[in-house]
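Data first, discussion second: the structure below is written as structure tokens.
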Amino acid sequence: MKRSTVKELFTAPEINSKVLLKGWVRTRRGNNQVAFIAVNDGTIIHSIQVVADLQSFPEELMKRVTTGSSISVIGKLVESMGKGQSVEIQASEIEILGDSDPEVYPLQKKGHSFEFLRDIAHLRFRTNTFGAVFRIRHALAFAVHQYYNDKGFFYLHTPIITASDAEGAGAMFRVTTLEPDGAPKNEDGEVDYTQDFFGRPTNLTVSGQLEGELGALALSSIYTFGPTFRAENSNTPRHVAEFWMIEPEMAFYDINDNMDLAEDFLKYLIRYTLEHCQDDLEFLNKMVDKGLLERLRFVLKHPFERKSYSEAIEILIKADKKFEFPVEWGLDLQSEHERYLVEEHFKRPVILTDYPSIIKSFYMKQNDDGKTVRAMDVLFPQIGEIIGGSQREENLDKLQNRMRKMNIPEDELWWYLETRKFGTVEHSGFGLGFDRLIMFITGMSNIRDVIPFPRTPKSADF
RNA sequence: UCCUCAGUAGCUCAGUUGGUUAGAGCGGCGGACUGUUAAUCCGUAGGUCGUAGGUUCAAGUCCUACCUGAGGAGCCA
């Protein structure tokens, strides 16, 4: 007999049919006559109610139907006699697949704190909230590929192990096969990396952008979607050491095309979730963040506000608000400034462009004013910077000049520079923090709760 | 990395100006109950008070260091 998932039973119920159900027991209620067993198999947020007439089942068997146990049920799918669910299963056979000792099973019917659930990340998938979050995470990963595939972008796998230390996006994790205490030394007493696996120092990537540009400058439009690593000792609800990033890179795009793509992309992902994950979003809206659905719909409805860094500085100077940090042209915007612009002034997502070159990366296209670069940051309410991108500098001389000023080693990036030597073209791209996007779309306020097994300082369990 | 707060039962927390045997709710277990919805009612077990020092006649409570977690800041995605 073919197993029916809970999702199938709810979305296309065949009343009075005989069904086979397998899943994990969430709760069990009842009296001395009848037991009500809520069974969940993770295919959908809802659990289905299994009704067992206690006279029909041995007491020893029913005792083993405990919270957390896995069971197999054969029964008749019927319209529910009770309130709270449309259909239920009138059980005729129950088999225990796996016992779960209720004395030690850590999940209970009542809600748990997210902090506690992080300690039992191996079991938190079995809660409604994390089931919803990770189903949505899947849906969004799928939607990312759908979006770019439909637009003719190619999914490019950029390396996870990299020898380039040049981008300066943050501290890196070293990758080596040398033993920490027995590493071979050279004549100067330094570690001799020529004896390491790759014959040189290597790290985990902090970004696939530079390699992505190489692909775009041949394939026209590419995107990367993979893990990235930062060894920063960051302890905030928005940072992790291992996270996933989506980095589209497009030839023949200027910064305006880039902004159009970023806005369209984000709205597509939000719309996709609203259309495909209704039940999960409604649950999160009810239990986690009451303003969630309204906020998502609001973002869809309104164009993102596009302003230059200089205009933003003017707004902040005129603002009737005292900031902890100074507002002055040339200084980077602080969290409080970004939040003011997004949450109080414009009250919608904001794209800021044309930042002072001194606070931005070497590869960004230099404007004619000699002071600013064609950077763009997309700022979202609550989570801040969700996208950072730019039009890239395609002029070899200008790029090299800037690299020298910023002490970026040209010899290490010879391959990057060659794209500017041979048929260079205008191009642009950006990076979207996938996990931060999940935070925004699920209403979860800590990035550790949208990643199955998050990696943070002093924490690499599971 | 810096600042602030927290760590007491499986979970969420209370615990007075330091004072006898450390409390509750939930969860677990036992029982009652003819359809329950985080069921209800009765009963019951369960604690090296984060770790290590120190002050004191006496420390869950005060002091110091460390560990872990959370929030804010920086770095950024």
Side-chain angles (χ1 to χ4, degrees), chain A residues 26-38 46-55 63 66-68 78 80-85 88 90 100-120 123 127-128 167-171 205-209 226-247 287 323-325 332-336 338-339 359-361 377-380 383-389 430-440 445-451 456-459 461:
Chain A
R26 280 290 177 82
T27 65
R28 176 170 166 197
R29 298 176 291 272
N31 50 43
N32 57 353
Q33 302 282 316
V34 61
F36 303 98
I37 308 159
H46 307 294
S47 298
I48 194 162
Q49 175 160 286
V50 171
V51 185
D53 188 346
L54 292 184
Q55 284 176 327
K63 264 190 152 173
T66 57
T67 305
V78 296
S80 180
M81 290 164 62
K83 289 173 183 169
Q85 59 277 320
E88 64 188 19
Q90 202 75 45
S100 173
D101 183 351
E103 298 261 14
V104 289
Y105 185 65
L107 291 170
Q108 54 187 55
K109 300 174 197 179
K110 276 213 161 189
H112 292 287
S113 68
F114 290 146
E115 288 86 352
F116 170 68
L117 291 171
R118 265 170 234 154
D119 291 338
I120 52 164
L123 294 173
T127 65
N128 285 331
E167 213 207 327
T205 183
V206 294
S207 163
Q209 179 200 315
T228 47
F229 307 86
R230 306 273 166 94
E232 300 287 352
N233 190 8
S234 297
N235 292 284
T236 84
R238 299 178 305 282
H239 291 83
V240 275
E242 177 182 319
F243 62 99
W244 283 60
M245 206 159 43
I246 299 148
E247 296 179 291
M287 303 301 284
F323 295 111
E324 193 188 335
F325 291 91
D332 207 354
L333 298 178
Q334 304 292 316
S335 293
E336 56 171 349
E338 296 180 348
R339 292 193 71 143
I359 57 173
K360 288 292 182 183
S361 303
D377 284 2
V378 180
L379 309 178
F380 260 36
I383 52 174
E385 186 181 336
I386 194 169
I387 279 180
F430 60 81
L432 168 68
F434 184 60
D435 314 277
R436 286 190 183 171
L437 174 79
I438 311 286
M439 288 174 73
F440 181 77
S445 52
N446 193 311
I447 198 167
R448 298 170 180 96
D449 296 327
V450 301
I451 299 174
T456 52
K458 300 286 190 298
S459 172
D461 292 331

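Order of the sequence lines fixes the chain letters, A, B, ..., with proteins taken first and strands second; residue numbering starts at 1 for each chain.
- Partners of Q49(A) under the side-chain hydrogen bond (donor to acceptor under 3.5 Å, both in side chains) rule, at least two apart in sequence or in another chain, are R29(A), E88(A).
- Taking the ring pair (Phe, Tyr, Trp, His ring centres under 6.0 Å) definition, one finds that F114(A) meets it with F130(A), sequence neighbours left out.
- Picking from A70(B), G71(B), G74(B) the nucleotide with the shortest atom distance to the side chain of R118(A) gives A70(B).
- For D53(A), the side-chain contact (heavy atoms from CB on, under 4.5 Å) partners two or more places apart in sequence, or in a different chain, are Q55(A), S56(A).
- Judged by distance alone with a 3.5 Å cut-off, a donor-acceptor contact links the side chain of R230(A) to the base of A77(B).
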Output a table of nitrogen or oxygen pairs between the protein and nucleotides 30-36 of chain B separated by less than 3.5 Å.
{"residue": "C33(B)", "atom": "OP2", "partner": "N32(A)", "partner atom": "ND2", "Å": "3.4"}
{"residue": "C33(B)", "atom": "N4", "partner": "N32(A)", "partner atom": "N", "Å": "3.4"}
{"residue": "U34(B)", "atom": "OP2", "partner": "N32(A)", "partner atom": "ND2", "Å": "3.4"}
{"residue": "G35(B)", "atom": "OP1", "partner": "N31(A)", "partner atom": "ND2", "Å": "2.4"}
{"residue": "G35(B)", "atom": "N1", "partner": "E88(A)", "partner atom": "OE2", "Å": "2.8"}
{"residue": "G35(B)", "atom": "N2", "partner": "G82(A)", "partner atom": "N", "Å": "3.4"}
{"residue": "G35(B)", "atom": "N2", "partner": "E88(A)", "partner atom": "OE1", "Å": "2.6"}
{"residue": "G35(B)", "atom": "N2", "partner": "E88(A)", "partner atom": "OE2", "Å": "3.0"}
{"residue": "U36(B)", "atom": "O2", "partner": "R29(A)", "partner atom": "NE", "Å": "2.7"}
{"residue": "U36(B)", "atom": "O2", "partner": "R29(A)", "partner atom": "NH2", "Å": "3.2"}
{"residue": "U36(B)", "atom": "N3", "partner": "Q49(A)", "partner atom": "OE1", "Å": "3.0"}
{"residue": "U36(B)", "atom": "N3", "partner": "Q49(A)", "partner atom": "NE2", "Å": "3.0"}
{"residue": "U36(B)", "atom": "O4", "partner": "Q49(A)", "partner atom": "NE2", "Å": "2.6"}
{"residue": "U36(B)", "atom": "O4", "partner": "Q85(A)", "partner atom": "NE2", "Å": "3.0"}

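- Per the geometry, CD belonging to E232(A) stands 15 Å off P belonging to C2(B), to the nearest Å.
- Atoms CG (D332(A)) and P (A73(B)) sit 14 Å apart, rounded to a whole Å.
- Distance, R28(A) CZ to G28(B) C1': 14 Å, rounded to whole Å.
- Counting atom types as modelled, S234(A) pairs a side-chain N or O with a base atom of C75(B) as donor and acceptor under 3.5 Å.
- Across all strands shown, G53(B) pairs with C63(B); the Watson-Crick or G-U wobble distances both stay below 3.5 Å.
- P106(A) is linked by a side-chain contact (heavy atoms from CB on, under 4.5 Å) to F116(A), I120(A), L123(A), counting only residues two or more places apart in sequence or in another chain.
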Heavy-atom contacts, protein to nucleotides 5-12 of chain B, under 4.0 Å, summarised as B (base), S (sugar-phosphate only) or - (none) per nt, yield -----BSS

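- The pairing partner recorded for A73(B) is U1(B), the criterion being a Watson-Crick or G-U wobble arrangement whose two distances lie under 3.5 angstrom.
- Residue N235(A) has no polar side-chain atom (N or O) positioned under 4.0 Å from OP1 or OP2 of C3(B).
- Computed from coordinates, the N128(A) CG to A38(B) C1' distance equals 11 Å when rounded to whole Å.
- Across the interface with RNA chain B, nearest-nucleotide mapping of E336(A) and V240(A) shows E336(A) to be the residue nearer the 5′ end.
- The pairing partner recorded for G35(B) is none, the criterion being a Watson-Crick or G-U wobble arrangement whose two distances lie under 3.5 angstrom.
- Here R26(A) does not reach the OP1 or OP2 of A38(B): none of its side-chain N or O atoms lies under 4.0 Å away.
- Listed by chain and number, the residues in a side-chain hydrogen bond (donor to acceptor under 3.5 Å, both in side chains) with S335(A) amount to none (sequence neighbours excluded).
- For E336(A), the side-chain hydrogen bond (donor to acceptor under 3.5 Å, both in side chains) test picks out no residue, with sequence neighbours left out.
- Note: CD1 (I120(A)) to C1' (G27(B)) measures 13 Å, nearest angstrom.
- In this structure F434(A) satisfies the ring pair (Phe, Tyr, Trp, His ring centres under 6.0 Å) test together with F225(A), sequence neighbours excluded.
- Mapping F325(A) and R448(A) onto RNA chain B by nearest heavy atom places R448(A) at the nucleotide closer to the 5' end.
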Could you write out each protein N or O paired with an N or O of nucleotides 47-50 of chain B at a distance under 3.5 Å?
none

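- The base-pairing partner of G30(B), taking Watson-Crick or G-U wobble contacts with both distances under 3.5 Å, is C42(B).
- Residue-level contact check: I383(A) touches neither bases nor backbone, having no heavy atom under 4.0 Å from any strand.
- Residue E324(A) contributes atom CD, which lies 15 Å from atom P of C3(B) at whole-angstrom precision.
- Residue T67(A) has no polar side-chain atom (N or O) positioned under 4.0 Å from OP1 or OP2 of G27(B).
- Counting any heavy atom pair closer than 4.0 Å across all strands shown, I386(A) reaches sugar-phosphate atoms only and no base atom.
- Between the CD1 atom of I359(A) and the P atom of G74(B) there is a distance of 13 Å, rounded to whole Å.
- Across the protein-nucleic acid pair, L107(A) atom CG and G28(B) atom P stand 12 Å apart, rounded to whole Å.
- Under the salt bridge (Lys or Arg N to Asp or Glu O under 4.0 Å) criterion, D449(A) pairs with R118(A), R124(A), not counting sequence neighbours.
- Side-chain contact between R448(A) and T456(A): present, with at least one pair of heavy atoms (C-beta onward) separated by less than 4.5 Å.
- For N235(A), the side-chain hydrogen bond (donor to acceptor under 3.5 Å, both in side chains) partners two or more places apart in sequence, or in a different chain, are N233(A).
- Contact check for T228(A) versus V206(A): no side-chain heavy atoms found under the 4.5 Å cut-off.
- Among the atoms of the strands shown, none is found under 4.0 Å from any heavy atom of V104(A).
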